[in-house]
Amino acid sequence: MKAAALVLCLLSVAVSNATAQRLRLGAFVEGGCDVHSTAFQSLPGTFSCSPGFGTSVGSGFGLGAVASFQSWAFGSTRLFRQSHPVVRIGYWSTGASFVATEHQPILLDTQRATATLEHRAVVVMPSARVNVGLGTLVGDLPLYVEPTVWASFALPARFEQGEYLVEPANRGRFPETGTRMRNTSSGRLQSVEPVQFGLGLTSGWELSLSPTFTLRPEVGISVSLTSALSSNDWRIFSLRAGLSLHRTIVAPESEPSQPEPPAPEPTPPPTLPTPAAKPTLTLLVRFVTRDSSGMLIPVERVTLETYYRRHIRPLLPYVFFDEGSATIPSRYVLLDSIGVATFDEAEIASLSTLEAYYHLLNIVAARLRSRPNAELTITGCTNNTGVESNRLDLARQRAERVRTYLHKRWGIDTGRLHIVVRSLPEHPSPVGHPDGNAENARVELSSNDAAILDAIVGIEQQSRVIPPRLYAQIEAAPSQLSHWEWTLANSDTVLTRQSGSGAIPTLIPVAVQWNRLGSTRIRGEIDGSLERYGSNALTARHHQDIVVALRSDSISPQREVFSLILFDFDDATITPAHQSVLEHIGKRIRPSSRITISGYTDQLGDALHNRRLAERRAVAVARALGITDRAQIQAIGSQVLLYDNATPEGRFYSRTIEVELEHPQ
């Protein structure tokens, strides 16, 4: 932005002082190839098991505006007859496709064979760039050269990467995904340097179209002096070709004739200076939300829906631990002897999803008591990074804590409780990512009796806020204030307050515990002051009210909801763990049932990728149930998070499919 302001200032000075052919303005467009010189195993913040990527050639383009300040021309030699400053401002995009090949033994149609795997990574790096250089005409030819220095300001960069089975081309799948690809991911590239610098050289041939317009075919090279990423050295060399079109703003002037001297004008009487108008301060607030396309729309009412529904939800068989710790976290419910004696799973079924999950060890223990021939495998895992790197002892301690609780508190024979240890889970979440590390530090439960980890069936009270996200949109003129304060209040109770100085945030999230408010009216108010104009400070205030309405529903036997969880991270594969729920759903579907399948994800990844992943999960369930021609598919993704994603269990339960059945009477 500072560079753009400088260029506009230079243009203004040039126009105001223009004489013969002092300024040219134009536009350019170019395209070509880019050489990315780097070396890495995986892109920053992503997981890849590639042997490593190296230098790659990609394509790129650029477009923008160019200004030639010919009024500041200097130099006059036989070779370089004129040089003048040139500034280019525009949008540049550079991309590259990296490929690494390796040969690995793999299971192909139940037989082991050597397969050819390709690790692919595609990167697109857009930027806003300012080029400053000298435009020079060479000899008597219409040949133009322009050496430049440039600074680029990074825009959000994107990436896609994955591992693909190439040979044999007609058979074979990865057992982890059931497809010919795995470890796929995409999203915003991390560790991009916000500002980069480099050198360039552009050369063109000037073609005069008219006295004021010039067309110039151009070729150019560019080399970066600084790395594109902060995480590893990444240099870019570009070779581009394109066109630029220029217009001379001030045409050559003819020799002016000598005008008659003007007659003297009478001197006007002196006038008193007009006092400057007093500045004003304006504030405006309104409540808004975002629609599915990301557009802001006004909101006048918030509706809190409370309803009851029959449900069936699988039991997540993981216990998550704090980093470096083998103590079962306090959020898990561990009962004393009285609690064990009075425990009733039927009461747990009426709790919310996460409240029921925190009774995981008690549910499993009660089922083991009722099924004396069942055995339980307790697999201790670590995230294998940082303080947990190579800590199989920590994995064993975690598994032993779980076994100790089941044995000493519930009386389960240790001969039925088997311990296994691993450095990472068999299907880990992204290693190295903070959320992935938290999910991998866990104990996994499995049993030879499917009933031990079977789904929970019950009636659940749920609430839903419409719209799910609410913001206060603030407008202030001028934008920089001496002091501002934002208040959200219910009658005389202040729900939230935020203050500061300088620029007011354009959007302020409204975070309220709606289920504690009841039907009411909330007022959002913005106050501001400006003290830099004299001794009297300017003040302003504006508010908007929003209605909170309650709506409830009773238990309806015509409405049932089923959840499928245990989708691995970024995966849509139907696993044996889903079969009991699928069989139960299939038995409940009637010929007249209206079926809605909604796909959800956690917060990791960008919104578009998550919607596509949610759609794949929903379609996979519809196919497994044989109802693709009847079901309504809703790909919600991460637009609505079903559970708090601050915890590993909340993210796992958000990787779900909800099947809703409505049975008309």
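Residue numbers count from 1 along this sequence.
Among residues at least two apart or in separate chains, side chain to side chain donor-acceptor pair (under 3.5 Å) pairs with a member in residues 606-617 are Arg158-Asp606, Ser186-His609, Asp570-His609, Asn610-Ser638. Counting only residues at least two apart or on different chains, no salt bridge (Lys or Arg N to Asp or Glu O under 4.0 Å) pair has a member in residues 39-58. Sorted by first and then second residue, the salt bridge (Lys or Arg N to Asp or Glu O under 4.0 Å) pairs with a member in residues 26-41 read Glu30-Arg240, Asp34-Arg240; sequence neighbours excluded. Annotation: side chain to side chain donor-acceptor pair (under 3.5 Å) contacts involving residues 52-65, sequence neighbours excluded, are absent. Among pairs with a residue in residues 225-238, those fulfilling salt bridge (Lys or Arg N to Asp or Glu O under 4.0 Å) read Asp233-Arg235, at least two apart in sequence or across chains.
Using a distance-only test at 3.5 Å, with no hydrogens or angles considered, no donor-acceptor pair links the side chain of His246 to the main chain of Gly26. In this structure a side-chain-to-backbone donor-acceptor pair under 3.5 Å is missing from Arg120 to Tyr164. A donor-acceptor contact shorter than 3.5 Å links the side chain of Asn437 to the backbone of Gly432. Looking only at distances, no side-chain donor or acceptor of Thr487 sits under 3.5 Å from a matching main-chain atom of Arg497. Without hydrogens or angle criteria, Ser224 side chain to Ile236 main chain gives a donor-acceptor distance under 3.5 Å. Proximity of a side-chain donor or acceptor of Gln544 to a complementary backbone N or O of Phe287 within less than 3.5 Å is detected. For the pair His36 (side chain) and Gly95 (backbone), a donor-acceptor distance under 3.5 Å is present.
A donor and an acceptor atom, one from each side chain of Ser127 and Gln196, are nowhere located under 3.5 Å apart.
For Thr214, the side-chain hydrogen bond (donor to acceptor under 3.5 Å, both in side chains) test picks out no residue, with sequence neighbours left out. Partners of Phe197 under the ring-ring contact (aromatic ring centres under 6.0 Å, His included) rule, at least two apart in sequence or in another chain, do not exist in this structure. With sequence neighbours left out, the side-chain hydrogen bond (donor to acceptor under 3.5 Å, both in side chains) criterion links Trp150 to Ser222. With sequence neighbours excluded, no residue forms a salt bridge (charged side-chain N to carboxylate O under 4.0 Å, His left out) with Glu193. Partners of Gln498 according to the side-chain hydrogen bond (donor to acceptor under 3.5 Å, both in side chains) rule, which considers only residues two or more places apart in sequence or in another chain, do not exist here. For Ser501, there are no side-chain hydrogen bond (donor to acceptor under 3.5 Å, both in side chains) partners, not counting sequence neighbours.
What you find for Ala67 and Leu25 is that their closest heavy atoms are CB-CD2, 3.7 Å. Of all non-hydrogen atoms in Ser429 and Arg655, the two that sit nearest each other are OG-NH1, 4.0 Å. Nearest heavy atom pair, residue Ser529 against residue Leu481, reads O-CB, 3.7 Å. Heavy atoms only, all atoms of each residue included: Leu199 and Val149 are closest at CD2-CG1, 3.4 Å. Across all their heavy atoms, Ser227 and Asn232 have their closest contact at OG-O, 3.0 Å. When all heavy atoms of Phe53 and Ala100 are compared, the closest pair comes out as CE2-N, 3.7 Å.
Between Val66 and Val86, the closest side-chain pair of non-hydrogen atoms falls below 4.5 Å. The side-chain heavy atoms of Leu189 and Pro44, taken from C-beta on, include a pair separated by under 4.5 Å. Taking the side chain as every heavy atom from C-beta outward, Ser654 and Thr601 never approach each other to under 4.5 Å. Between Thr202 and Val219 there is no side-chain heavy-atom pair separated by less than 4.5 Å. Side-chain contact check for Leu283 versus Trp484: every heavy-atom pair is 4.5 Å or farther apart. Annotation: side chain of Val285 is in contact with side chain of Trp486 (closest heavy-atom distance under 4.5 Å). The closest side-chain heavy-atom distance from Thr148 to Arg88 is not below 4.5 Å. Using a 4.5 Å heavy-atom threshold, the side chains of Leu43 and Gln161 count as touching.
Distance check, rounded to the nearest 0.5 Å: OG1 of Thr136 to CD of Glu146 gives 9.0 Å. Atom CD1 of Ile297 sits about 6.0 Å away from atom OG1 of Thr289, to the nearest 0.5 Å. Atom CD1 of residue Ile466 and atom CZ of residue Arg301 lie 11.5 Å apart, to the nearest 0.5 angstrom. If you take CG on Leu243 and CG on Leu63, they are separated by 13.0 Å, rounding to the nearest 0.5 Å. To the nearest 0.5 Å, atoms CG (Leu117) and CZ (Arg180) are separated by 10.0 Å. To the nearest 0.5 Å, atom OG of residue Ser191 and atom CG of residue Leu229 are 6.5 Å apart.
More than 12 heavy atoms of other residues, nucleotides or ligands shown are found within 6.0 angstrom of CD on Glu218.
Taking the six-membered ring for Trp and thresholds of 30 and 60 degrees, Phe28 and Trp92 have ring planes inclined between 30 and 60 degrees apart. In this structure, Phe40 and Trp234 have parallel ring planes: the angle between them is below the 30° cut-off, well short of the 60° mark.
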Between side-chain atoms of residues 467-475 and protein atoms elsewhere (two or more places apart, or another chain), which donor-acceptor pairs fall under 3.5 Å?
{"from": "Arg469", "atom 1": "NH1", "to": "Gln639", "atom 2": "O", "distance (Å)": "2.8"}
{"from": "Gln473", "atom 1": "OE1", "to": "Arg286", "atom 2": "NE", "distance (Å)": "2.5"}
{"from": "Gln473", "atom 1": "OE1", "to": "Arg286", "atom 2": "NH2", "distance (Å)": "2.9"}

request  = Go through Ile221 and Phe237 one step at a time and tell me if the side chain to side chain contact (heavy atoms under 4.5 Å, CB included) criterion holds.
outcome  = CA-CA 7 Å; Ile221 59 173; Phe237 174 84; 4.2 Å; yes
request  = Would you sort out whether Ser499 and Glu485 count as a side chain to side chain donor-acceptor pair (under 3.5 Å), showing the intermediate values?
outcome  = CA-CA 4 Å; Ser499 61; Glu485 183 174 86; 4.8 Å; no
